[in-house]
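One structure is given below, encoded as C-alpha cells.
We name chains A, B, ... by the order of the sequence lines, and we start the count at 1 in each one.
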Amino acid sequence: MSIKKELLVYNSLTRKKEVFKPINEGFIGMYVCGPTVYSDVHLGNVRTFVGFDIIYRFLCYLGYNVRYVRNITDVGHLLDDGEDRMSKGAKAENLEPMEVAQKYTNGFHAMMSIFNAKKPSIEPRATGHILEQIEMVQAIIDNGFGYEVNGSVYFDTLKFAHERKTYGKLSGRVIDELMAESRSDLKNQSDKKHPSDFAIWMKASDDHLMKWNSPWSVGFPGWHLECSVMSTKYLGKHFDIHGGGNDLKFPHHENEIAQNEGACNCSPSNYWLHTNMLLMNGKKMSKSDGNTITPEALMSGDSPHVSQGYDPMVIRFFMLQTHYASTLDISDDALKAAEKGYKRLMQANQVLNKLETTATGNGEDAEVLQLIEATLTDMCDDFNAPKALSRLFELVPKINSYKEGHLDVNQLSKSTLDALKALFHEFIFDVFGLKDISTGGSESAHIVNGLMELITDLRQDARANKDWGTSDKIRDKLTSLDIQLKDGKDGTSWLIN
RNA sequence: GGUCGCGUGGCCGAGCGGUUAGGCAGAGGUCUGCAAAACCUUGUACAGCGGUUCGAAUCCGCUCGCGACCUCCA
C-alpha cells in the first residue's frame with residue numbers, strides 16, 4: 001500500500017497544523033462523536049457529519065485503511081434538570097426509551113443517506129457497552145481518580161489536574177477558574193469534592209427509566225464515559241484521530257481525555273479535529289428566536305428563511321465551499337449561488353467525459369497537470385475542500401473551451417486527459433461525495449435520456465429546415481417543464497433545472 | 001466577567017509577509033435564426049487607528065463589531 005501524499009492537519013490539542021503520522025503505517029483509527037438520539041437531526045448535525053465524511057473519504061482516497069468509529073449516544077446525556085434526554089423523550093412520546101433511541105437513530109441514518117455520507121466502519125451504542133463502562137469506572141477508581149458518594153461516582157478533576165497537568169489542555173481551561181465560576185446550584189453539586197468534578201456513574205432515582213446494576217448503585221453511566229469506552233474498545237487505548245463538533249471541546253472532550261488518562265494512563269488520540277458551528281444569516285441557529293431551519297424544510301423550501309427548496313447535493317456542495325473548521329453561514333442567496341455553481345461543475349464533468357484526444361499533446365499538458373497536482377495539494381492541507389474545489393473550477397473553462405473548440409483538445413495528451421477525467425471523477429464523487437442529480441442513473445432516467453435524444457433530434461431537423469415555429473415550440477414547451485436546451489456547435493445538450 | 005475565534009470587493013468564501021483564489025451577481029464582447037448556454041475581457045477588496053518591515057489582508061498593539069464555549073448542544 002502506498003500513500004499518495006503527505007497530509008497536514010490542524011490539531012486542536014496543540015493548536016497547530018502538523019504533519020499527519022499514523023501510529024501504524026497505512027492504517028488510521030478515527031473516532032467521531034455521534035449524535036444523541038433524543039430528537040430529530042438538525043442541520044448542525046448534518047454539517048458536522050458531512051464534514052467528517054469528507055475527511056474520511058479523503059483519508060481513504062489517499063490510500064489509508066481507515067477504521068471509522070462513530071457512536072450513537074442513547075443513554076446518560078442529562079438535561080439541566082438532571083433528567084436523561086432519552087427518558088424525557090420517552091415520557092413525552094409515551095414510548096420505551098429504546099423506542100425513542102431507535103426512532104431517532106433511524107431518522108439520523110436516513111438523513112445521512114440523503115446527504116450521501118458514508119457509513120462508519122463501526123457504529124457502537126452506549127447502551128450496548130454498559131459493562132465496559134462499569135469496568136472503566138472501576139479502573140478510574142482503582143487509579144485514584146474516582147470517588148463514590150451516595151452511590152454515584154465522580155471523577156476527581158482537582159487531583160487529576162494536579163498530578164497530570166493536562167486537564168484543560170484541549171479547551172484552554174484553568175481548573176481554578178472553573179472553580180471560581182461554577183455555579184453552586186447545579187445537580188448534585190453538594191456531593192462533589194470540587195465543582196468541576198463530573199459524574200462517571202450516577203445513581204438512579206426510583207422513577208428513572210434507564211438503569212443498570214453496578215457495584216455502586218442501580219444507575220447509569222455519565223455522558224462522557226461512553227466515548228472513552230467505545231473508542232478504547234474499538235480503536236485501542238491510543239489511536240490517531242478524534243473528531244467532533246467544536247461545542248464538544250468542553251466539557252465533553254476534555255473530560256473524555258481525563259477519563260482515558262485516568263483509566264489507561266495514556267492520551268487517547270494524537271490528533272483532535274473539530275468542525276465549526278453552523279450559523280444562519282450570521283447568527284446562531286436558535287429555536288427560541290426562530291432563527292432555525294430543519295434539513296427537511298431546507299430541502300422542501302417550506303420555511304420563511306428560503307425562497308425555494310434545495311437539493312441535498314446542492315446543500316452538500318454549499319458546505320464544501322467553506323472549510324470545516326470555519327463557521328458556516330447559511331443564507332438563501334448563498335445557497336442560490338451554490339446551486340448554480342454545483343450545476344456548472346456537474347455539466348463540466350459531463351462535457352469532460354465526452355472529450356477525446358488522439359494526439360500526444362504538449363502545449364496544454366503542463367498547465368493542466370499543474371492544476372491537477374494543486375487540487376491534491378490543497379486537499380492535503382488540512383482538508384481544504386473549498387480551495388481544492390476552486391482548482392476544479394479553474395479547470396472548468398478549459399474543459400468547456402476544448403468542447404467548443406476555443407482551445408484545441410489535441411494540445412492535450414491522452415494521459416493528461418485521462419488524468420483530468422480521473423481527477424474530476426475522484427474528487428467530485430469519491431472525495432466530495434457529491435452525486436450528479438441531473439443524470440440519476442435509474443431506469444426512468446434511461447428512458448428520459450432516450451426521449452430527450454429523440455426530441456432534440458426532431459428539433460434539429462426542424463432547425464435545419466428553418467422551421468423556427470416548430471423548433472421554438474419544442475424549446476418553449478421543454479422550458480416550461482424546466483428543461484433547458486443548450487445549442488452548441490456539435491449538437492444540443494439539455495439540463496433539468 | 002473568563003477563554004477562544006472571526007471581521008476580505010454587491011453576496012458567499014479561500015488566502016496567513018511580496019505572485020490571478022474560486023463561486024454567484026454585474027458590465028462589454030464572440031458565437032447563435034432568435035434566445036439560452038458556452039467562451040473571452042472586465043472588478044484592484046481586505047472593520048478602524050497605530051506599529052514592526054524594503055514590503056502586510058497576512059505579524060504586533062489598541063478600538064469597534066460579530067460569533068462560539070464557559071450550563072444541554074454537532
Side-chain angles (χ1 to χ4, degrees), chain A residues 12 15 17 32-36 38-39 41-52 77-83 85 168 171-174 177-178 180-183 185-187 196 223 243-252 274-279 282-285 317-318 320-323 325-342 344-345 347-348 351 374 378 381 384-394 396-407 463 466-468 471-472 475-476 479 484-489 492-495:
Chain A
S12 301
R15 287 152 216 256
K17 216 182 262 185
V32 172
C33 288
T36 301
Y38 67 101
S39 68
V41 282
H42 62 103
L43 257 190
N45 287 299
V46 174
R47 199 265 161 121
T48 294
F49 299 122
V50 163
F52 281 108
H77 203 157
L78 300 184
L79 294 163
D80 279 345
D81 56 8
E83 187 167 15
R85 282 182 183 272
S171 57
R173 305 298 142 123
V174 179
E177 287 174 5
L178 290 173
E181 289 161 18
S182 289
R183 284 151 47 194
D185 58 342
L186 292 178
K187 63 220 174 222
S196 70
W223 169 40
N246 202 209
D247 51 346
L248 292 180
K249 254 189 205 170
F250 189 88
H252 186 244
H274 291 277
T275 54
N276 215 134
M277 297 295 98
L278 180 68
L279 309 177
K283 288 181 186 158
K284 184 189 181 182
M285 280 207 180
F317 177 91
F318 170 71
L320 276 162
Q321 286 184 302
T322 302
H323 187 83
S326 298
T327 50
L328 175 64
D329 191 356
I330 198 163
S331 68
D332 195 47
D333 285 346
L335 282 163
K336 273 186 186 157
E339 183 169 55
K340 293 205 172 182
Y342 163 82
R344 184 153 182 253
L345 182 67
Q347 279 291 110
V351 167
D378 291 336
D381 184 7
N384 197 333
K387 202 170 176 189
L389 226 202
S390 79
R391 298 297 186 186
L392 259 36
F393 272 104
E394 285 183 59
V396 166
K398 279 195 161 297
I399 291 166
N400 285 321
S401 292
Y402 294 139
K403 184 207 171 204
E404 298 290 327
H406 296 125
L407 284 173
R463 292 180 72 209
K466 297 198 188 300
D467 179 2
W468 309 130
S471 78
D472 288 354
R475 186 174 65 195
D476 293 345
T479 302
Q484 182 186 25
L485 291 182
K486 298 174 170 189
D487 295 329
K489 278 209 161 56
T492 299
S493 61
W494 56 278
L495 174 69

Nearest whole angstrom, please: distance from the [atom2] of [N] to the [atom1] of [X].
{"X": "A:Lys249", "N": "B:U71", "atom1": "NZ", "atom2": "C1'", "value": "18 Å"}
{"X": "A:Leu335", "N": "B:C12", "atom1": "CG", "atom2": "C1'", "value": "10 Å"}
{"X": "A:Leu279", "N": "B:C66", "atom1": "CG", "atom2": "P", "value": "14 Å"}
{"X": "A:Asp378", "N": "B:C16", "atom1": "CG", "atom2": "P", "value": "10 Å"}
{"X": "A:Asn276", "N": "B:G13", "atom1": "CG", "atom2": "P", "value": "12 Å"}
{"X": "A:Leu328", "N": "B:C11", "atom1": "CG", "atom2": "P", "value": "18 Å"}
{"X": "A:Phe393", "N": "B:G22", "atom1": "CZ", "atom2": "P", "value": "12 Å"}
{"X": "A:Arg391", "N": "B:G23", "atom1": "CZ", "atom2": "P", "value": "12 Å"}

**Donor-acceptor pair under 3.5 Å, A:Arg475 side chain vs B:A35 base** =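 Side chain to base: pair present.
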**Prompt:** Do A:Asp487 side-chain and B:A35 base share a donor-acceptor contact under 3.5 Å?
**Reply:** yes
Counting only side-chain heavy atoms from C-beta out, which of [options] sits nearest to [X]?
{"X": "A:Ser390", "options": "B:A74, B:A25, B:G22", "answer": "B:G22"}
{"X": "A:Asp247", "options": "B:A74, B:A21, B:C34", "answer": "B:A74"}
{"X": "A:Asp329", "options": "B:C24, B:A74, B:G13", "answer": "B:G13"}
{"X": "A:Arg15", "options": "B:A21, B:C24, B:C4", "answer": "B:C4"}
{"X": "A:Gln321", "options": "B:A74, B:G22, B:C4", "answer": "B:G22"}
{"X": "A:Lys387", "options": "B:A36, B:G15, B:C39", "answer": "B:G15"}
{"X": "A:Gln484", "options": "B:C69, B:G13, B:A36", "answer": "B:A36"}
{"X": "A:Phe318", "options": "B:A38, B:C12, B:G33", "answer": "B:C12"}
{"X": "A:Arg344", "options": "B:C40, B:G23, B:A14", "answer": "B:G23"}

Hey, is the side chain of [X] poking within less than 4.0 Å of OP1 or OP2 on [N], counting only N and O atoms?
{"X": "A:Asn400", "N": "B:C39", "answer": "yes"}
{"X": "A:Ser331", "N": "B:C12", "answer": "no"}
{"X": "A:Lys336", "N": "B:A25", "answer": "no"}

**Message:** Under a 4.0 Å threshold between the charged nitrogen and the carboxylate oxygen, would A:Asp378 count as salt-bridged to A:Arg391?
**Reply:**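 Between A:Asp378 and A:Arg391 there is a salt bridge, with a charged N closer than 4.0 Å to a carboxylate O.
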**Asked** Taking NZ, NE, NH1 and NH2 as the nitrogens, is one of them in A:Lys336 or A:Glu339 under 4.0 Å from a carboxylate oxygen of the other?
**Response** no
So [X], base contact, sugar-phosphate only, or nothing? Heavy-atom distance under 4.0 Å.
{"X": "A:Leu278", "answer": "base"}
{"X": "A:Leu392", "answer": "nothing"}
{"X": "A:Arg463", "answer": "base"}
{"X": "A:Gly245", "answer": "sugar-phosphate"}
{"X": "A:Glu339", "answer": "nothing"}
{"X": "A:His42", "answer": "base"}
{"X": "A:Ser471", "answer": "base"}
{"X": "A:Asp472", "answer": "base"}

Are any of the side-chain heavy atoms of [X] and [Y] separated by less than 4.5 Å?
{"X": "A:Thr479", "Y": "A:Gln484", "value": "no"}
{"X": "A:Gln321", "Y": "A:Leu389", "value": "yes"}
{"X": "A:Thr492", "Y": "A:Arg463", "value": "yes"}

Between [N] and [M], how far apart are the two [atom1] atoms, rounded to whole Å?
{"N": "B:A47", "M": "B:A37", "atom1": "P", "result": "34 Å"}
{"N": "B:C46", "M": "B:G9", "atom1": "C1'", "result": "8 Å"}
{"N": "B:U53", "M": "B:U58", "atom1": "P", "result": "16 Å"}
{"N": "B:C4", "M": "B:C39", "atom1": "P", "result": "47 Å"}
{"N": "B:U20", "M": "B:A57", "atom1": "C1'", "result": "16 Å"}
{"N": "B:G10", "M": "B:A25", "atom1": "C1'", "result": "7 Å"}
{"N": "B:G7", "M": "B:U63", "atom1": "C1'", "result": "14 Å"}
{"N": "B:U52", "M": "B:C69", "atom1": "C1'", "result": "33 Å"}

Closest heavy-atom contact between [X] and [Y]?
{"X": "A:Thr275", "Y": "A:Phe52", "answer": "CG2-CE1, 3.4 Å"}
{"X": "A:Ser171", "Y": "A:Phe250", "answer": "OG-CD1, 3.3 Å"}
{"X": "A:Ala348", "Y": "A:Ile399", "answer": "O-CG2, 3.6 Å"}

**Message:** Can you tell me if A:Phe49 is stacked onto the base of B:A74, using a 5.5 Å centroid cut-off and an angle below 30°?
**Reply:**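 No, the aromatic ring of A:Phe49 does not stack with the base.
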**Item:** Secondary-structure stems, RNA chain B, at least 3 Watson-Crick or G-U base pairs under 3.5 Å
**Value:**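 So the stems come out as B:1-7 with B:64-70, B:10-12 with B:22-24, B:26-30 with B:38-42, B:47-51 with B:59-63.
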**Asked** Between A:Gly34 and A:Lys17, who's closer to the 5' end of RNA chain B by nearest nucleotide?
**Response**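 The residue whose closest nucleotide sits nearer the 5' end is A:Lys17.
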**Complete:** Taking for A:Ala337 and for A:Ser171 the nucleotide of RNA chain B with the nearest heavy atom, the one nearer the 5' end belongs to A:Ser171
**Message:** Would the distance check show the side chain of A:Arg344 and the main-chain N or O of A:Val396 forming a donor-acceptor pair, the cut-off being under 3.5 Å?
**Reply:**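 Flag not set: sc A:Arg344 to bb A:Val396 has no pair under 3.5 Å.
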**Asked** So, does A:Asn384 use its side chain to make a donor-acceptor pair with the main chain of A:Lys387 at under 3.5 Å?
**Response** yes
**Message:** Using 30° and 60° as the class boundaries, would you call the ring planes of A:Trp223 and A:His252 parallel, tilted or perpendicular?
**Reply:** parallel
